[in-house]
There are 2 protein chains.
Amino acid sequence: MISFDGFTIEDGSPIYLQIILYIKRCIIAGTIVDGDELPSRRVLSALLGVNPNTIQKAYRLLEDEGLIQSHSGAKSCVVLDSRTLQRLRAELLESDIKNIISAMKQTGLEKEEVISLIKKYWE
Amino acid sequence: MISFDGFTIEDGSPIYLQIILYIKRCIIAGTIVDGDELPSRRVLSALLGVNPNTIQKAYRLLEDEGLIQSHSGAKSCVVLDSRTLQRLRAELLESDIKNIISAMKQTGLEKEEVISLIKKYWE
DNA sequence: GAAACCGTATTATATGAGTAATACAGTTTG
DNA sequence: CAAACTGTATTACTCATATAATACGGTTTC
């Protein structure tokens with residue numbers, strides 16, 4: 001069963017997107033693997049303190065993307081092959097890295113300053 | 001007059017917040033300095049293709065934060081001292097860096113991998 | 001001084017996000 | 001088999017974001 005221990009809802013972006021992003025990052029990290037069971041909509045909504053519809057929206061979009069399968073009655077589970085995993089990895093990492101680079105460039109920082117900041121805050 | 005040449009509206013976060021962030025980053029970068037004039041609400045709304053009220057909301061919040069001053073009739077302009085600049089710099093950089101670090105950690109990357117990715121994509 | 005700007009304010013509307021309360025059919029589990 | 005779960009669907013409501021169309025008074029500028 002997939003765990004949501006390291007997950008907390010934050011402001012600034014829709015909850016269903018935060019859930020999707022969390023799951024995708026866990027997939028990339030290898031914390032979530034092919035065949036893993038997801039918590040049911042009701043259980044996860046109670047766990048996170050949000051509405052079941054919000055979970056349903058996240059799961060629905062994950063299913064549209066082919067990352068999970070739902071069987072109407074049984075629990076949903078993760079479906080992964082190596083191509084999907086590679087695509088996910090490229091998508092998320094590139095998008096994250098490009099975002100931070102564009103933000104840092106706009107603030108006038110040089111590559112070396114960014115790297116030293118990352119070293120400083122990584123702990 | 002402050003330029004919005006390097007600015008394009010993106011999805012994912014409210015437009016008025018994107019405008020605020022852009023101005024703050026220009027202040028940190030030194031592109032915007034004390035006394036600079038802002039484009040009028042109407043002019044900027046036409047330039048960006050958004051509603052004047054959206055610009056007004058961004059400017060209003062910047063004024064609440066003490067970063068700009070408005071004189072009812074005349075154009076708004078930027079008001080900066082060294083303390084404010086230092087505060088802004090710390091706020092934005094820390095927040096950006098911490099975001100990327102938390103995202104990278106969640107995807108299971110090590111510090112060295114992140115640094116090498118940044119070097120790769122910086123061009 | 002008048003026209004053309006400026007900031008400010010108001011009211012109305014549309015959309016998306018999130019909540020809330022149900023309902024129904026399929027699957028597990030005892 | 002029956003109870004307790006599942007996924008799925010529907011309708012209604014609140015709130016924030018963004019748009020739209022004005023209006024009023026102050027400042028520049030010619």
Side-chain angles (χ1 to χ4, degrees), chain A residues 1-4 7-24 32 34-80, chain B residues 1-4 7-24 32 34-80:
Chain A
M1 171 73 70
I2 293 174
S3 156
F4 277 76
F7 179 75
T8 45
I9 295 171
E10 316 218 337
D11 291 354
S13 100
I15 298 174
Y16 73 96
L17 288 181
Q18 294 182 46
I19 294 172
I20 290 176
L21 196 58
Y22 174 77
I23 292 179
K24 285 184 175 178
I32 293 178
D34 183 67
D36 273 357
E37 267 188 354
L38 289 155
S40 82
R41 276 78 166 162
R42 290 175 239 264
V43 165
L44 185 55
S45 73
L47 190 66
L48 301 182
V50 302
N51 196 275
N53 298 341
T54 303
I55 311 294
Q56 164 65 7
K57 189 167 188 177
Y59 281 12
R60 168 77 181 196
L61 288 172
L62 285 169
E63 191 168 12
D64 289 346
E65 221 179 320
L67 296 178
I68 75 174
Q69 270 183 8
S70 305
H71 301 283
S72 183
K75 283 200 189 113
S76 302
C77 61
V78 176
V79 183
L80 287 176
Chain B
M1 173 71 70
I2 294 174
S3 156
F4 277 76
F7 179 75
T8 44
I9 295 171
E10 316 218 336
D11 291 354
S13 101
I15 298 174
Y16 73 97
L17 288 182
Q18 294 182 46
I19 293 171
I20 290 176
L21 196 57
Y22 174 77
I23 291 177
K24 285 183 176 178
I32 292 177
D34 183 68
D36 274 358
E37 266 188 355
L38 289 154
S40 82
R41 276 79 166 162
R42 291 176 240 265
V43 165
L44 186 54
S45 74
L47 190 65
L48 300 182
V50 300
N51 195 275
N53 299 342
T54 303
I55 310 294
Q56 164 65 5
K57 187 168 190 177
Y59 281 13
R60 167 79 181 195
L61 289 173
L62 285 169
E63 190 168 13
D64 288 347
E65 221 180 319
L67 297 178
I68 74 176
Q69 270 184 8
S70 304
H71 301 282
S72 184
K75 281 196 191 122
S76 302
C77 61
V78 176
V79 184
L80 287 176

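Just so we're clear, the structure is a prediction, and the values are computed from it rather than from any experiment. Below, read A as the first sequence line, B as the second, and so on, with proteins coming before strands; counting in each chain starts at 1. All values below were derived from every heavy atom in this structure, side-chain atoms included, with hydrogens, water molecules and symmetry-related copies excluded.
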Next item on the list: Round to the nearest Å and state the distance from K57(B) atom NZ to dG7(C) atom C1'.
Entry: 18 Å

Item checked: Interatomic distance where OH belongs to Y59(B) and P belongs to dA18(D) [whole Å] -> 16 Å

Checklist line | From I15(A), L38(A), L44(A), V43(A), residue fulfilling side-chain contact (heavy atoms from CB on, under 4.5 Å) relative to I55(A) | finding: L44(A)

Note to self: Nearest 0.5 Å, please: how far is OH in Y22(A) from OG1 in T8(A)?
What the structure shows: 9.5 Å

Check: Just how far, in rounded Å, is P of dT8(D) from CZ of R60(A)?
Finding: 8 Å

Check: S70(B) has a side chain; which of dG7(C), dT6(D), dG18(C) sits nearest to it?
Finding: dG7(C)

Margin query: So, does S76(B) get its side chain near the phosphate of dG7(C), meaning an N or O under 4.0 Å from OP1 or OP2?
Written below: yes

Checklist line | Side chain proximity check, F7(B) to L48(B), heavy atoms < 4.5 angstrom | finding: yes

Next item on the list: Nearest-nucleotide wise, let me know which of V50(A) and Q56(B) is further upstream toward the 5' end of DNA chain C.
Entry: Q56(B)

Item checked: Separation of atom CD1 in I15(B) from atom P in dT17(D), rounded to whole Å -> 11 Å

Margin query: Measuring to OP1 and OP2 of dT6(D), would you say a side-chain N or O of R41(A) lies under 4.0 angstrom away?
Written below: no

Notebook entry, point to check: With respect to the phosphate group of dT19(D), does any side-chain polar atom (N or O) of T54(B) fall under 4.0 Å of OP1 or OP2?
Noted result: yes

Next item on the list: Rounded to the nearest angstrom, tell me the gap between atom CG in N51(B) and atom C1' in dT11(C).
Entry: 13 Å

Check: Between dT8(D) and S72(A), is there an OP1 or OP2 to side-chain N/O distance shorter than 4.0 Å?
Finding: no

Margin query: Expressed as a whole number of angstroms, how long is the span from I55(A):CD1 to dT6(D):C1'?
Written below: 15 Å

Next item on the list: Nearest 0.5 Å please: distance from the CD1 atom of I68(B) over to the CG atom of L62(B).
Entry: 5.0 Å

Checklist line | No-H, no-angle donor-acceptor pair, R42(B) side chain to dG7(C) base, under 3.5 Å | finding: yes

Checklist line | Residue-phosphate contact under 4.0 Å: Y16(A) side-chain N/O, dG18(C) OP1/OP2 | finding: no

Note to self: Rounding to an integer number of Å, can you tell me how far N53(B) CG sits from dA16(D) C1'?
What the structure shows: 14 Å

Checklist line | OG-CG distance between S76(B) and L67(B), expressed to the nearest 0.5 angstrom | finding: 12.5 Å

Margin query: What is the distance, to the nearest angstrom, from the CD atom on Q18(A) to the C1' atom on dG18(C)?
Written below: 13 Å

Next item on the list: Select from K75(A) and L17(B) the residue whose nearest nucleotide in DNA chain D is closer to the 5' end of that strand.
Entry: K75(A)

